[in-house]
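Notes to accompany the following structure.
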Amino acid sequence: MLVSWGLRTTTYITNILVLVGYALLFNWLQNTRSITPRWQRWRQPALVAVTIAFVVLFHFSSVLSMAAQNNPIGYGWTYLNFQGATLLYALLSSRQRLVLYFTSLVVVGWYWWIPRVPTWPLMAACSLVLMYVATRFGPTIGRRALTYYPFGFLFMAPFFLANWLSLDGIDVGWPWQVITLTIILWCLWQTHYRFVARRNHEAALVSEAQIDDLTSLKNFRVFDADLHAAFDRLQDHGELYALYTFDIDHFKRVNDTYGHVSGNTVLQAVAKRLEQVVANFDYPAQTYRTGGEEFSFLLIDVVEDFGKATEYTTAVKDALSDLTFHTENGDEFHITVSIGQDRSVADDRNYLDIYKRADKYLYSSKNHGRNAITIRGITIGQAQRVQARE
């Protein structure tokens, strides 16, 4: 008896480690970004395959252990907890229909296979309903221990009943079964939420490294990376893009006259209005704060159209000029901006070439008295005379 319980306990601990390994693998497959785009479509099938593989592993481990030990039914009960917990974890974590569909087939197959259970269709139906509930309300169920643990036992109830009928009893006793299931659920809870906490922490660090704190726009680091990616798409697929960059005119005067608090308010208002304006453009747009008072935005997959470029540039300039600011002393002021724009060209040999041109045109706008726009090296006044050529 002592040897039997010792072997059963050792088996249980080993399977705990295997189950935790499954949970880590499942989380990695579900959340990793290192998978290439080609393999993205295989993410969900991989989750299904891994889950079914572990369920089958626990199932056949149960069958083989029972056969090796002259069919002691306790091994059937020990492995049942791991099979059910694997299914529960997949359903609560993924909430994907593909996972639900295929695991449902496995569950129905298990109920059909298990001997001496004439009412298996009813029990299978109960399990399918609970599996749907787990998929549909996974975050709500898993968020609190008061819902997670009761649902875990409710989820296992049909399996327990079917196994009890098939094996004609439970030699390990219900206390052992309940305690071991509780430990399994606790291990999965801890594994999952430690993984989630780590992922959230990493996401926060990435966000801090990519987002400008003051304006909540993407910073220069992201701008540089996005510009490089756009250049690569141009080289590989001929996808054109346009870059607009602008400065707030006499921004130092704003800080000197009204204070840095007012200056920060201006930067925040400019960022907010910029995002509102570009959201109405015909092309996907990315907005950035690339310097102190310098902002930029990228338009992706554009069609060459000087008229559209003029329209977009003017829309941004006018929207920002319409902003009205008030100081604590009751003063009111407005701002103007100088904008430079250019689009990608086939002769570009470096991803920064377009940025150098747009920046040059920005300073051309400044040199024309500020509060001006320069598109592809031509000020807006000159642009009207050459628009027909574009």
Side-chain angles (χ1 to χ4, degrees), residues 212 217-249 251 270-271 273-275 277-321 336-390:
D212 176 62
L217 297 182
K218 297 174 182 177
N219 60 23
F220 187 85
R221 175 182 297 180
V222 182
F223 169 74
D224 184 76
D226 288 353
L227 199 61
H228 203 308
F231 178 76
D232 289 342
R233 290 194 299 273
L234 171 68
Q235 300 298 310
D236 296 339
H237 309 293
E239 182 180 289
L240 300 178
Y241 56 99
L243 174 63
Y244 299 70
T245 185
F246 65 88
D247 265 352
I248 301 173
D249 295 329
F251 184 70
V270 166
R273 181 60 63 87
L274 174 63
E275 290 198 301
V277 174
V278 301
N280 296 317
F281 292 171
D282 297 328
Y283 305 107
Q286 299 289 339
T287 54
Y288 313 87
R289 182 187 177 194
T290 49
E293 68 270 22
E294 181 180 307
F295 297 80
S296 298
F297 61 95
L298 269 174
L299 297 186
I300 306 299
D301 197 17
V302 301
V303 175
E304 288 197 40
D305 188 332
F306 195 94
K308 279 288 186 182
T310 304
E311 175 188 335
Y312 294 158
T313 311
T314 303
V316 170
K317 175 181 172 295
D318 291 346
L320 298 180
S321 298
T336 61
V337 296
S338 299
I339 306 178
Q341 186 271 358
D342 202 6
R343 83 293 195 206
S344 56
V345 294
D347 292 337
D348 284 345
R349 292 293 177 264
N350 186 282
Y351 76 101
L352 291 175
D353 287 348
I354 187 176
Y355 180 54
K356 293 175 182 177
R357 294 195 300 272
D359 192 57
K360 176 183 176 181
Y361 301 153
L362 162 62
Y363 279 92
S364 179
S365 294
K366 287 181 176 292
N367 292 334
H368 279 82
R370 293 183 169 84
N371 192 22
I373 60 177
T374 301
I375 302 172
R376 305 178 192 174
I378 305 169
T379 62
I380 188 63
Q382 296 169 322
Q384 305 302 323
R385 296 195 296 270
V386 299
Q387 185 171 345
R389 299 204 303 264
E390 297 291 327

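Given the structure is predicted, the values throughout are model-derived calculations rather than measurements. When reading the values below, keep in mind they use all heavy atoms of this one structure, side chains included, and skip hydrogens, waters and symmetry mates.
The OH atom of Tyr312 sits 7.0 Å away from atom CG of Leu299, with the distance rounded to the nearest 0.5 Å. Ile380 CD1 to Ile375 CD1: the interatomic distance, rounded to the nearest 0.5 Å, is 4.5 Å. Separation of atoms CD (Gln286) and CD1 (Ile300) is listed at 6.5 Å; rounding is to 0.5 Å. Rounded to the nearest 0.5 Å, atoms CG (Asp249) and CD1 (Ile339) are 9.5 Å apart. Separation of atoms CD1 (Ile373) and CD1 (Ile378) is listed at 11.5 Å; rounding is to 0.5 Å. Note that CG of Asp318 and OG1 of Thr313 are 10.5 Å apart. Values are rounded to the nearest 0.5 Å.
A 4.5 Å side-chain heavy-atom check between Asp224 and Leu352 finds at least one atom pair inside the cut-off. Annotation: side chain of Phe281 is in contact with side chain of Val316 (closest heavy-atom distance under 4.5 Å). In this structure, Leu234 and Leu240 have side chains that are in contact, with non-hydrogen atoms separated by less than 4.5 Å. Thr287 places a side-chain heavy atom less than 4.5 Å from the side chain of Phe297. Within the 4.5 Å cutoff, the side chain of Lys308 has no heavy atoms near those of the Val302 side chain. Using a 4.5 Å cut-off on side-chain heavy atoms (C-beta onward), Lys317 and Asn371 make contact.
Residues Arg376 and Phe306 come closest through the heavy atom pair NH1-CD1, 3.8 Å. Here the shortest heavy-atom pairing between Arg343 and Gln341 reads N-NE2, 4.3 Å. Taking every heavy atom of both residues into account, Ser296 and Leu243 meet most closely at CB-CD1, 4.2 Å. Smallest separation of non-hydrogen atoms from Leu320 and Leu274: CD2-N, 4.4 Å. Across every non-hydrogen atom of Ser338 and Arg370, the tightest pair is OG-CA, 3.3 Å. The two residues Ile354 and Ser344 make their nearest non-hydrogen contact at CD1-N, 3.5 Å.
Among residues two or more places apart in sequence or in another chain, the salt bridge (Lys or Arg N to Asp or Glu O under 4.0 Å) test is passed with Asp247 by Lys366. Applying the salt bridge (Lys or Arg N to Asp or Glu O under 4.0 Å) rule to Asp212 yields the partners Arg289; only residues at least two apart in sequence or on another chain are considered. Here Asn367 pairs with nothing under the side chain to side chain donor-acceptor pair (under 3.5 Å) rule; sequence neighbours left out. Judged as a salt bridge (Lys or Arg N to Asp or Glu O under 4.0 Å), and not counting sequence neighbours, the contacts of Glu239 are Arg233. Scored by the side-chain contact (heavy atoms from CB on, under 4.5 Å) test, Asp353 finds Asp348, Arg349, Asn350, Arg357 as partners (sequence neighbours excluded). Applying the side-chain contact (heavy atoms from CB on, under 4.5 Å) criterion to Gln235, with sequence neighbours excluded, gives Phe231.
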Checklist line | Leu217 vs Tyr288, side-chain contact (heavy atoms from CB on, under 4.5 Å): CA-CA, chis, key distance, verdict | finding: CA-CA 5 Å; Leu217 297 182; Tyr288 313 87; 5.6 Å; no

Item checked: Criterion side-chain contact (heavy atoms from CB on, under 4.5 Å) on Phe246 and Val270, from CA distance to verdict -> CA-CA 11 Å; Phe246 65 88; Val270 166; 4.0 Å; yes

Checklist line | Residue pair Asp232, Tyr351: steps toward the side-chain contact (heavy atoms from CB on, under 4.5 Å) verdict | finding: CA-CA 8 Å; Asp232 289 342; Tyr351 76 101; over 6 Å; no

Margin query: Pair Phe295, Val337 - check side-chain contact (heavy atoms from CB on, under 4.5 Å), show working.
Written below: CA-CA 10 Å; Phe295 297 80; Val337 296; over 6 Å; no

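The backbone N or O of Ser364 sits less than 3.5 Å from a side-chain atom of His368, completing a donor-acceptor pair.
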